[in-house]
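Only one structure is covered here, and it is reproduced in the block below.
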Amino acid sequence: MKLAIVILGSAALDTARRIQARYPEALVHALASRVQADIAYEEFGAHVRELYATGTPIVALCSAGIVIRALAVSLADKSAEPPVLAVAQDGSAVVPLLGGMSGVNVLAREIGETLDVAPAITTSGELRFGTCLLAPPQGYALADIEHGKRFVSDLLSGESVRIEGHAPWLDHADLPRSEDADRVVRVTPRANAEGLVIHPRCIVAWIEDASSSDVIERLRDALRSFELAPLALAGIVARASTESLETAARVFNVPLRFAHNIPFDTTQALNAHGVALHVSDAPVDIETIGHARGTLTVIGLGPGSAELMTPAAKAALADAQDVLGYETYVRMAGPLRADQRAHMTDNREELQRARHAFELASEGRRVVVVSSGDPGVFAMAAAVLEALESNPEWHAVKLAVVPGVSASLATAARAGAPLGHDFCVLSLSDNLKPWDVIEKRIALAGQSDLVMAFYNPLSKARPWQFDRAIEAVRQHRDANTPVVLGRDIGRPGETLRIITLGELSSELVDMRTMVIVGSSTTRRVGEWVYTPRWYE
Ligand code: SAH
């Protein structure tokens, strides 16, 4: 379970780690100014409200009062109430506060067991029967909460109950059972059943043709034809992702899985409206059927330092199962966790890397391809789209590009605002384009009086090109035009030099340098360089 264990100070860290040991996916969130853990937050109230709003189970290691006051404004929204518990920071008390329907008492018992204390359970049905009838375990869904509440209060006031269907978690519950009871707990995938109805998530739906826009209606109609409850749906399986499938999965609130062929015995399927339904006797673990839709996210790490990496890029990395890229950048993206796989390749194998990324994502994995700076600027995003163009099957992968701070922008910021007016960005590498194209573009940019930002200025394999480029710039610019040289910006040993076009020569640059040549209006003020917003 993805618990958020929230602490305020180092005194709680020990207890937090003990709880975390029981839930390997849990992360310890700590107040940034006081203690370091897995995730840092700035303000307790805002952070806890955000977790609550996203439905994250919260274990707060502080007084119940602090948690109650922090969440008070959020309580009106009962739609997605996650479990919320307060735990004494020395581990001596466990108090379930919210989330009775989402299993807070189960969590309280487990944490109580871990910390060796009795949890402070206050729910009357739970105390009497030893379980919350309204919070069935994973794999089951309660049909109607309001009806359920009345049902439980009937039992509390002396009614007896019988159970129809298979409810293994109630075997040891202390219920007032009787064979001829009026009140019935029914565990069934059927719609319209009477009593306290709990649906096992035991139906798998196969959508044969998911390209039409009416997947939701067809699925709803198919379930209705066989009098099956939508809440008994375990998941939807299809060959490839479509917009309407994604919407259907969201509406029915079930996972979407992919398989080449129908994943169950067709002779036992119920067919209607182009949907095949398979009903099992017990809940189905949908993760064991087909695979998830793989994702491929191309991210930019920024120039190098962690603070210039966007939160979106960090989130994509945290979520990744596979990380691909040039060795230096994969290392820069790290350290990766033990459960994440790094695939490091040579810098020149971009297209091959992009294909490999699609192959992994096609198996259902969450793949991240890393570039430095911005992935769309002389980097992997274009290679990934080039690979996609060569294989239409890869459209099934969920692709996203996350921007980053490009070297020209990072260098410009260090120098002031040399890109404050119109500018252009050029790569001086003639590996993938002819040199005369480069020279022509420099000439035209020079004529247009654009500021020029040069990437890939020089390498051992391209010794003469940079001087030729400078030659071309000089045809259109004064020798005293400001030039900014940023080397390893945002990385250890960063240097920034401001010189003039007259002083510029190939000895001053290398592959790790960004070169920005000013326009006719670019000027210096103190140690800064800027290009004014106006034009003379
Ligand atoms: N996608 C990258 C650019 C890749 S091309 C980006 O958006 O920044 C590689 C070139 O970018 C290098 O030759 C150099 O000119 C420039 N560069 C990349 N990182 C740099 C850094 N930290 N400092 C200065 N220049 C850098």
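As the structure lists them, so they are numbered: ligands from 1, and atoms in each ligand from 1.
Counting heavy atoms from C-beta outward, Y23 and L107 have side chains that approach closer than 4.5 Å. In this structure the side chain of Q20 never reaches within 4.5 angstrom of the side chain of L3, judged on heavy atoms.
Judged purely by distance below 3.5 Å, without hydrogens or angles, the side chains of S408 and Y455 pair a donor atom with an acceptor atom. Between the side chains of R353 and T345, a donor-acceptor pair is found at a separation under 3.5 Å.
Taking every non-hydrogen atom of M514 and a distance limit under 4.0 Å, the qualifying atoms of ligand 1 come out as 24 (C), 25 (N). Applying the 4.0 Å criterion to heavy atoms of S406 picks out, from ligand 1, the atoms 6 (C), 7 (O), 8 (O). Numbered from 1 in the order shown, with element, the atoms of ligand 1 that lie under 4.0 Å from a heavy atom of A379 read 1 (N). Numbered from 1 in the order shown, with element, the atoms of ligand 1 that lie under 4.0 Å from a heavy atom of M511 read 12 (C), 13 (O), 14 (C), 15 (O). Every atom of ligand 1 is numbered from 1 in the order shown, and the set under 4.0 Å from a heavy atom of G486 is 24 (C).
Taking 4.0 Å as the cut-off between side-chain N and carboxylate O, R355 and E359 do not count as a salt-bridged pair. Using a 4.0 Å cut-off between charged side-chain N and carboxylate O, R468 and E439 make a salt bridge.
In terms of protein heavy-atom proximity, atom 5 (S) of ligand 1 is closest to N456 OD1, 3.4 Å. Ranking the protein heavy atoms by distance from atom 2 (C) of ligand 1 puts S372 O, 3.2 Å first. In terms of protein heavy-atom proximity, atom 20 (C) of ligand 1 is nearest to A407 CB, 3.7 Å. Here the heavy atom of the protein found nearest to atom 22 (N) of ligand 1 is I489 O, 2.9 Å. Among all non-hydrogen protein atoms, the one lying nearest atom 4 (C) of ligand 1 is F378 O, 3.6 Å. Of the protein's non-hydrogen atoms, Y455 CD2, 3.3 Å is the one closest to atom 11 (O) of ligand 1.
Under the 30°/60° scheme for interplanar angles, the aromatic rings of W464 and W435 are found to stand perpendicular.
Any N or O atom pair closer than 3.5 Å counts here, and V377 shares at least one such pair with ligand 1.
Not a single heavy atom of G304 lies less than 4.0 angstrom from ligand 1.
Of all the heavy atoms of V515, none lies under 4.0 Å from any atom of ligand 1, so neither backbone nor side chain is involved. Residue contacts with ligand 1, taken as heavy atom pairs separated by less than 4.0 Å, involve R491 solely via side-chain atoms from C-beta onward.
Annotation for R462: atom CZ counts as buried by contact number, over 12 foreign heavy atoms lying within 6.0 Å. Around the CD atom of Q36, the shell of radius 6.0 Å holds no more than 12 heavy atoms that belong to other residues, nucleotides or ligands.
Between V28 and the choices I7, V6, V59, L61, the side-chain contact (heavy atoms from CB on, under 4.5 Å) rule is met once, by I7.
Which of L428, T513, L496, L409 comes nearest to atom 15 (O) of ligand 1 through a heavy atom is settled by distance: it is T513.
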